[in-house]
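Step one of this worksheet: look at the structure below.
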Amino acid sequence: MSPGEIDDSPSPHACARVLTDAFAREPAVSWICGSSATARRHWFTATLDTQTALPAARRYTLAGRGGRPVGAAVLTPPATTPSSIAQARWAARTFTRCGPRALGRTLRYLHTTEAEVPDGAWTLEFIGMAPAAAGRGGGRRLLDRLLADTPATAGVFLTTADPGNVPIYRHFGFDTLRHLTAGPLNITAMHRPATA
């Protein structure tokens with residue numbers, strides 16, 4: 001891939017590598033995984049392997065210099081959940097590779113946020129840029145592309161525990177639905193209505 005090119009079918013592992021770096025200081029992932037890059041990598045790999053197996057799930061990467069991915073995004077379609085077997089496999093991998101704290105905190109975060117998803121909305125699970133590529137417009141290109149590609153007749157939902165992200169998402173048409181709490185996290189649930 002050439003720099004700036006967006007891949008709309010990268011492997012979950014390519015996305016996990018980028019997001020491991022992109023979320024190194026993000027509050028929710030830090031609370032879940034601690035400061036360990038290894039735990040973050042295993043957590044993202046297990047999580048993305050599960051989410052991207054959902055029918056119609058979407059993932060994207062943005063190439064940087066040398067064609068290596070420097071940005072990634074993952075969306076899941078409305079009203080889909082992994083099978084019981086996939087959930088059990090994810091839980092076992094997370095417990096084994098990241099520890100019981102990561103498993104428990106992930107489940108707590110999901111329990112807090114999943115009920116907020118508007119009926120029929122897609123969920124932007126993750127979007128992030130590698131720190132060395134941040135601030136150069138790549139995240140905007142990635143978000144513009146995924147919003148244009150996604151047939152979200154009921155809009156797109158997301159959550160963020162980073163208050164600095166809220167104005168960025170507002171710029172893209174997301175409205176705050178509710179403020180939530182999980183452990184020490186202050187989470188903002190946001191929704192972008194469908195556009196005509």
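- Between R141 and I6 the shortest heavy-atom distance is O-CD1, 3.8 Å.
- Looking at R40, its side chain does come within 3.5 Å of a backbone N or O of T20 through a donor-acceptor pair.
- Without hydrogens or angle criteria, T160 side chain to D162 main chain gives a donor-acceptor distance under 3.5 Å.
- A donor-acceptor pair is defined here as one N or O able to donate and one able to accept, closer than 3.5 Å; no such pair exists between the side chain of R58 and the backbone of S9.
- Across all their heavy atoms, L180 and A189 have their closest contact at CD1-CB, 4.2 Å.
- With E125 contributing its side chain and L75 its backbone, the two residues share no donor-acceptor pair below 3.5 Å.
- Between the side chain of H191 and the main chain of A121, no donor-acceptor pair closer than 3.5 Å is present.
- Across every non-hydrogen atom of P12 and T52, the tightest pair is CG-OG1, 3.2 Å.
- Judged by distance alone, the side chain of T80 and the main-chain N or O of P77 form a donor-acceptor pair under 3.5 Å.
- Interatomic distance, OG1 of T159 versus CG of L177, reported as 11.0 Å (0.5 Å rounding).
- Considering all non-hydrogen atoms of both residues, W122 and P151 come closest at NE1-O, 3.6 Å.
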Exercise for review: Evaluate the criterion salt bridge (Lys or Arg N to Asp or Glu O under 4.0 Å) for residue pair D21 and R17; output intermediate values, then yes/no.
Suggested key: CA-CA 7 Å; D21 291 338; R17 281 191 297 274; over 6 Å; no
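- Taking every heavy atom of both residues into account, G183 and R108 meet most closely at N-NH2, 3.2 Å.
- Counting only distance, with no hydrogens or angles, the side chain of R68 and the backbone of A63 share no donor-acceptor pair below 3.5 Å.
- Residues L142 and A72 share a closest heavy-atom pair of CD2-N, 3.4 Å.
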Practice item. Would you sort out whether W90 and T47 count as a side-chain hydrogen bond (donor to acceptor under 3.5 Å, both in side chains), showing the intermediate values? Key: CA-CA 7 Å; W90 168 83; T47 300; 3.2 Å; yes
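- Side chain of R140 to main chain of R136: no donor-acceptor pair is present (N/O by atom type, distance under 3.5 Å, no hydrogens or angles).
- Note on L158 and L110: separate hydrophobic clusters, where clusters join Ile, Leu, Val, Met, Phe, Trp and Tyr whose side-chain heavy atoms are under 4.5 Å apart, directly or indirectly.
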